[in-house]
Amino acid sequence: MRHHFSSRAASAKRSTIRELLKLTEQPDIISFGGGLPAPETFPHEELAAIAQELLLKEPHNVLQYGTTEGSRTLRTEVAKWLGDQNIHVTLHDLLVTSASQQGLDLICKAFFDPGDVVFCGLPTYLGAVQAFSLFQITKIGVPLEDDGMDIDELESRIVAARREGKRMKGIYVIPDFQNPSGITLSLEKRQRLLEVARAYDLLIFEDNPYGHLRFSGEPIPSIFSMDDEGRTIMLLTFSKVLAAGLRLAVMVARGDLMDVLVRVKQPTDLCTSKFTQMIAARFMQRHGLDRHLAEIRPIYRAKKEAMVAALEKYMPNEEGLRWTNPDGGLFVWVWLPEGVDAEEMLPRAIAHKVAYVPGASSYVDGGGHNTMRLAFSLCALEQIDEGIRRLAEVVTETIASLKAGARS
Ligand code: PMP
């Protein structure tokens with residue numbers, strides 16, 4: 001029956017990495033693979049009490065269809081919360097989505113025809129790459145530096161794409177503690193990014209699931225808040241700050257950008273679950289997201305510190321072997337010495353009962369073979385040292401066998 005598939009669906013692939021990571025669900029494997037939030041951060045008792053109360057007291061409301069834009073109660077809470085962060089929006093600037101992955105899908109639908117160009121980081125978020133691919137969008141990668149996307153490179157790639165007559169639509173950027181690298185875009189580069197977007201009339205898709213998980217250093221203003229032209233669409237999600245299972249996020253955009261997003265969401269799902277929206281809204285009213293965030297950030301900080309300390313303790317001293325040390329988020333990124341292929345190394349790691357995500361799947365240019373992503377979020381704190389000890393053994397063995405191969 002394959003001949004009935006749309007050309008778009010026929011080209012959609014399952015992520016080989018996600019398939020591989022299923023292997024790592026065995027209990028004796030220490031997995032730094034899945035980029036999942038720490039389950040101990042979910043305020044399940046508070047959510048249970050709210051859910052029960054909503055079902056008993058407001059069933060006619062929470063079990064009903066809602067508007068496509070999303071619950072007014074939730075949007076009011078989000079607008080207040082953003083206002084406290086100096087991001088001033090009205091309810092019309094907010095669209096509730098079934099988590100940010102839907103936001104990415106809506107961006108593809110609203111702004112891209114097949115062959116249109118999006119610029120993204122090298123590396124970038126795999127789920128965004130999958131969405132762009134499904135919509136037959138041309139992805140042009142731009143290398144990341146320690147302070148985020150190389151803006152000079154971005155500009156030269158824009159100029160080259162224009163020369164080739166490509167239709168460019170926007171730049172996809174994850175500004176804080178990027179997935180997968182943990183890298184943060186500096187303030188200066190945020191300003192330059194806006195200037196470049198203005199000069200070439202591009203949109204900016206600012207996907208920021210991790211900014212509120214900053215556990216050290218000073219917050220940097222969002223690109224959306226610095227944009228006085230309204231060409232930035234910001235995606236915020238409840239997945240990492242409350243609970244991923246609620247599947248709830250908010251898109252922030254102005255004017256006709258918001259209008260088209262609402263129009264493409266309507267046939268996608270009519271509306272996001274009113275029940276989960278009201279759970280999040282009541283949580284914000286009753287407990288406050290900031291208070292909750294203040295409680296969960298130390299959990300992530302402790303895990304990140306344990307991971308970086310273990311990397312320093314166990315990893316061999318080899319040229320080219322280095323890692324990021326982020327001030328927030330869920331991920332540490334490792335560059336292995338040239339010639340080490342993290343995907344080829346994975347079966348050896350699984351045999352040593354440790355797992356990670358090879359970085360190459362996050363590169364749209366076929367590069368990144370010597371990189372890997374380590375999520376410090378999901379493991380229990382006590383497992384991190386042992387997992388990194390195992391991983392360092394695997395890395396040491398792999399480098400040794402490469403050197404032996406080169407000699408023979
Ligand atoms: N964007 C980025 C950068 C992510 O890392 C993720 C989740 N890992 C998402 C979007 C999707 O998150 P959700 O759909 O849970 O909001």
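Side chains included, hydrogens not; waters and symmetry mates left out as well; all remaining heavy atoms used.
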task = Run the salt-bridge test on Lys313 and Asp385 with the 4.0 Å N-O cut-off and return the result as yes or no.
result = yes
inquiry  = Checking Gln178 against Ser181: is there a side-chain donor and acceptor pair closer than 3.5 Å?
reply    = yes
query = For residues Thr232 and Glu206, is any side-chain donor paired with an opposing acceptor at under 3.5 Å?
reply = no
message = Taking CZ in Arg198 as the centre, count heavy atoms belonging to other residues, nucleotides or ligands within less than 6.0 Å. Is the count above 12?
response = yes
task = Flag the pair Asp105 and Lys109 as a salt bridge only when some basic side-chain nitrogen lies within less than 4.0 angstrom of an acidic carboxylate oxygen.
result = yes
request  = Answer yes when Arg390 and Glu393 have at least one side-chain N-carboxylate O distance shorter than 4.0 Å, and no when they do not.
outcome  = no
remark   = In short, Pro143 meets Glu153 closest at the heavy-atom pair CD-CG, 3.9 Å
ask   = With a cut-off of under 6.0 Å to the ring centre and 45° to the axis, is Arg373 in cation-pi contact with Trp333?
value = no
request  = Using distance alone, with no hydrogens and no angle criterion, decide if Ser377 and Lys303 have a side-chain donor and acceptor under 3.5 Å apart.
outcome  = no
key: Electrostatic pair Asp146-Arg322, nearest N-O below 4.0 angstrom   = yes
task = Indicate whether the side chain of Ser133 and that of Lys139 have a donor and an acceptor atom separated by less than 3.5 Å.
result = yes
N/O donor to acceptor pairs below 3.5 angstrom from side-chain atoms of residues 284-291, sequence neighbours left out:
from	atom 1	to	atom 2	distance (Å)
Gln285	OE1	Arg282	NH1	2.9
Arg286	NH1	Glu53	OE1	3.4
Arg286	NH2	Glu53	OE2	2.9
Asp290	OD1	Trp81	NE1	3.0

message = When you compare the side chains of Asp176 and Thr184, does any donor N or O come within less than 3.5 Å of an acceptor on the partner?
response = no
request  = Specify the closest pair of heavy atoms between Leu134 and Ala12, including all atoms of both residues, with the distance to one decimal.
outcome  = CD1-CB, 3.8 Å
Between His292 and Glu46, a side-chain donor and acceptor under 3.5 Å = no
query = Does a side chain donor of either Ser222 or Ser225 reach within less than 3.5 Å of an acceptor in the other side chain?
reply = yes
CD/Glu229: more than 12 non-hydrogen atoms of other groups inside 6.0 Å = yes
message = Checking side-chain polar atoms at under 3.5 Å, does Thr124 have a donor or acceptor matched by the opposite partner on Ser362?
response = no
query = What about Tyr172 and Tyr125, are their ring centers closer than 6.0 Å?
reply = no
ask   = For Gln52, does the CD atom sit with more than 12 other heavy atoms under 6.0 Å from it, leaving out its own atoms?
value = no
key: Donor on one side chain, acceptor on other, Glu344 and His369, under 3.5 Å   = no
query = Do the ring planes of Phe132 and Phe112 sit parallel (below 30°), tilted (30 to 60°) or perpendicular (above 60°)?
reply = tilted
Cationic N near anionic O, under 4.0 Å, Arg192 to Glu188 = no
query = More than 12 heavy atoms of other residues, nucleotides or ligands under 6.0 Å from CG of Asn317: is that the case?
reply = no
